[in-house]
Amino acid sequence: MSMNLKTVIGPAALLLVIFLTFWLRGNTARAPEPVAFASVQPEVFGLGGTLTDAWADFDGDGDPDRFVGFNGEPSRLYKNNGVAGFEDVAGAVGLTVTRAVRTSAWGDFDSDGDADLLLGYAGDAPVTALYRNDGGDGFVNVAGEVGLELAEGTTRQASWIDYDGDGDLDLFVAMRDRANQLFRNDGSTGLSTFSDVTAASGIGDTRRTVGAVWADFDQDGDLDVIVSNMDGDANGLFMQDAGFFIDVAAGTPVAGGGRGLGDEALGTVRPCAVDFDSDGWLDLFFANYGPNELLRYDGAGVWEPRGEALGLAVDARFDSCIWGDFDHDGTEDLFVNGTVTGGVQYPDHLFRRENSELFIDVLPSSVADLALDHGATWVDYDLDGDLDMSVTGASDDGAHALLQNLLRPEFAGHSLQVRVLDQDGAATRTGAEVRVYAAGTDELLGLRLVDTGSGYDSQSDLPVHFGLPGAQPVDVVVTVIGAGRHSTTIYRVDPAEWRGRSLLVRTSVVH
């Protein structure tokens, strides 16, 4: 006599078996990958006294290169030669800079298809330089010609952004000792010139600013900006309305960013925008002198503190925050680096998101033993698909280390990198949002911001990166901000086809 499963175990037990089968199928995931990073060319990147770190493919050969600003030593521009390693070519291309560099930011301000470099110096006038990239002819300082040579002031983070949505890159400069500055780019080709629109725009915050992040936080079609302030000053949340900015941070958790107000020993160094919960809205993390904080945005004007509940509200002194899925499990992880101040080296932390909830510190000893502070950047320098780590150290025993992510090769390729360009394939569309969905569905797998200037002493003009467990096909939606929100969709993208290179998406601003 034959018997089916229902006859053997009974109806109630059968329901339990069916439930467990589907529960296990939906909750089976590979164990967390070992966390391992290896130092790359320590004989090249071992020198301390480094302040700024900025990445871009300045020579257009398909891999990212690195500019490092020093405090006393000549700056270096490292050309990425692939398997042959990195080579300092600063002298050969006209970027031998002997001044102390406190600001460095790549951006294609003249829309000619290559990245130019803005520098901010400590000390005597002038305090800024803009090195135009002339391709094979090297770099030429044109700051005076285009209206970006500042005679005085203490610069910090610079951001290349198209705040007015006219298709070219404008410039915001955070100032440590005076009003922040906004310069409008008045030409999209050739030798552009810039107009100072600080007063007219209302953005000239006089508080002691060191960091900023630009994004369309309220998704109304124009770019807003968070500014992070030191010495007890409140942070600012400047919302844009047709070119004018109003600070609405007062009375919200953004103002304190988790570290309190009024105490000159406390402040926010770097703000980071991240959709940590994949709900389609950008949230904010604050790297602080004082407890760090993560604020969840609900899309309706409310910022909810989540740092303590998620294990991120560490009370110390931090310089930088960088978010990225370094282990390709589909969730964003976080590195924060402690500063060196008062003779104290504050520890760094690498927080891995586990079980889609708590963040666990998994910093390996190979990183913990380095004397790090100031800049930090995620960058896939070797084009193997996973995120490597670039860091700086200002002390004499520090380093400007490059750390290779040793994620197993079979998982390193479970990712997709997307680069958003203008309609001519030139300047990066900063402030754009990139979303990936499981192919053919409305299941949001991640949202990334094209950000070329939020980091304190670190900046990049790099593609956005998504970890995709199983390397599943995805639909990619790119939303460009400017005179509204304009989206482009690329269907059924196979990550395997794009390993070692970026998916390039050309977009235009609709007026």
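Keep in mind that what you see is a predicted model, and the values were worked out from it rather than measured. One is the number of the first residue; the rest follow in order along the sequence. Because only heavy atoms are used, hydrogens play no part in the values below, and waters and symmetry mates are left out as well, while side chains stay in.
- One N or O on the side chain of S458 and one on the backbone of A376 form a donor-acceptor pair closer than 3.5 Å.
- Here the side chain of D247 pairs no donor or acceptor atom with the backbone of G236 at under 3.5 angstrom.
- When each of T52, V68, T50 is paired with V101, the side chain to side chain contact (heavy atoms under 4.5 Å, CB included) condition holds for T52 and for no other.
- Side chains of S320 and R270: a donor on one and an acceptor on the other come within 3.5 Å.
- Although no hydrogens or angles enter the test, the distance criterion places no donor-acceptor pair under 3.5 Å between the side chain of R448 and the main chain of G324.
- Centroid-to-centroid, the aromatic rings of F466 and W498 stay 6.0 Å apart or farther.
- With N229 contributing its side chain and A234 its backbone, the two residues share a donor-acceptor pair below 3.5 Å.
- With 3.5 Å as the limit, one finds a donor-acceptor pair spanning the side chains of S195 and D186.
- To the nearest 0.5 Å, atom CG of residue N235 and atom CG of residue D233 are 9.0 Å apart.
- In terms of heavy-atom proximity, L402 sits nearest to V379 at CD1-CG1, 4.5 Å.
- Checking D461 against T428 by side-chain atom types alone, a donor-acceptor pair falls below 3.5 Å.
- Within the 4.5 Å cutoff, side-chain heavy atoms of R317 are placed close to those of Y289.
- Note: W160 and F109 have parallel aromatic rings, judged against thresholds of 30 and 60 degrees for the angle between ring planes.
- Below 30°, between 30° and 60°, or above 60°: for F326 and W378 the angle between ring planes is below 30°, a parallel geometry.
- Listed for the N288 side chain is a donor-acceptor partner under 3.5 Å among the backbone atoms of G257.
- The backbone N or O of Y381 lies less than 3.5 Å from no partner atom in the side chain of D63, so there is not a single donor-acceptor pair.
- With hydrogens and angles left out, the side-chain atoms of R259 and T268 include a donor and acceptor closer than 3.5 Å.
- Closest of all the heavy-atom pairs between S502 and P463 is OG-CG, 3.3 Å.
- Ring centroids of H374 and Y456 are separated by less than 6.0 Å, placing the two rings close together.
- Judged by distance alone, the side chain of Q345 and the main-chain N or O of L372 form a donor-acceptor pair under 3.5 Å.
- At least one donor-acceptor pair closer than 3.5 Å links the side chain of N133 to the backbone N or O of G135.
- The backbone N or O of G167 sits less than 3.5 Å from a side-chain atom of D162, completing a donor-acceptor pair.
- At a threshold of 4.0 Å, the pair R102-D457 counts as salt-bridged, since one of the basic side-chain nitrogens sits closer than that to a carboxylate oxygen.
- Taking a cutoff of 4.0 Å between a charged side-chain nitrogen and a carboxylate oxygen, R485 and D216 qualify as a salt bridge.
- Taking the six-membered ring where the residue is Trp, W323 and F359 present perpendicular rings, their angle passing 60° and hence far from 30°.
- Environment of CD in E304: crowded, with over 12 heavy atoms of neighbouring residues, nucleotides or ligands closer than 6.0 Å.
- The aromatic rings of H400 and F70 sit perpendicular, their planes meeting at an angle over 60°, well past the 30° parallel limit.
- Between D116 and R132, none of the side-chain N atoms (NZ, or NE/NH1/NH2) sits under 4.0 Å from a carboxylate O, so this pair counts as no salt bridge.
- Shown here for L237 and A249, the closest heavy-atom pair between the two residues is N-CB, 3.5 Å.
- Side-chain contact of T430 with T452: a donor-acceptor pair under 3.5 Å is absent, judged by distance alone.
- Counting heavy atoms from C-beta outward, D277 and Y297 have side chains that stay 4.5 Å or more apart.
- For the pair P271 and I226, the tightest heavy-atom approach, listed with the atom from each and the gap, is CB-CG2, 4.0 Å.
- Here D205 does not pair with R178 in a salt bridge; the nearest charged N to carboxylate O distance is not below 4.0 Å.
- Residues D275 and S278 have side chains that never bring a donor and an acceptor to within less than 3.5 angstrom of each other.
- Within a 6.0 Å radius of CG in D241, other residues, nucleotides and ligands contribute 12 heavy atoms or fewer.
- Nearest heavy-atom pair across V391 and L403 is CG2-CD1, 4.4 Å.
- Contact of the R207 side chain with the M230 side chain is not registered, since no non-hydrogen atoms from C-beta on lie closer than 4.5 Å.
- The shortest side-chain heavy-atom distance between D53 and F67 does not fall under the 4.5 Å cut-off.
- Between E293 and L312, the closest side-chain pair of non-hydrogen atoms is not below 4.5 Å.
- Contact check for D361 versus H349: side-chain heavy atoms found under the 4.5 Å cut-off.
- The backbone N or O of L119 lies less than 3.5 Å from no partner atom in the side chain of S104, so there is not a single donor-acceptor pair.
- Taking the charged nitrogens against the carboxylate oxygens, D329 and R353 have no contact shorter than 4.0 Å, which rules out a salt bridge.
- Across all non-hydrogen atoms, the minimal contact from L370 to A401 is CD1-CB, 4.1 Å.
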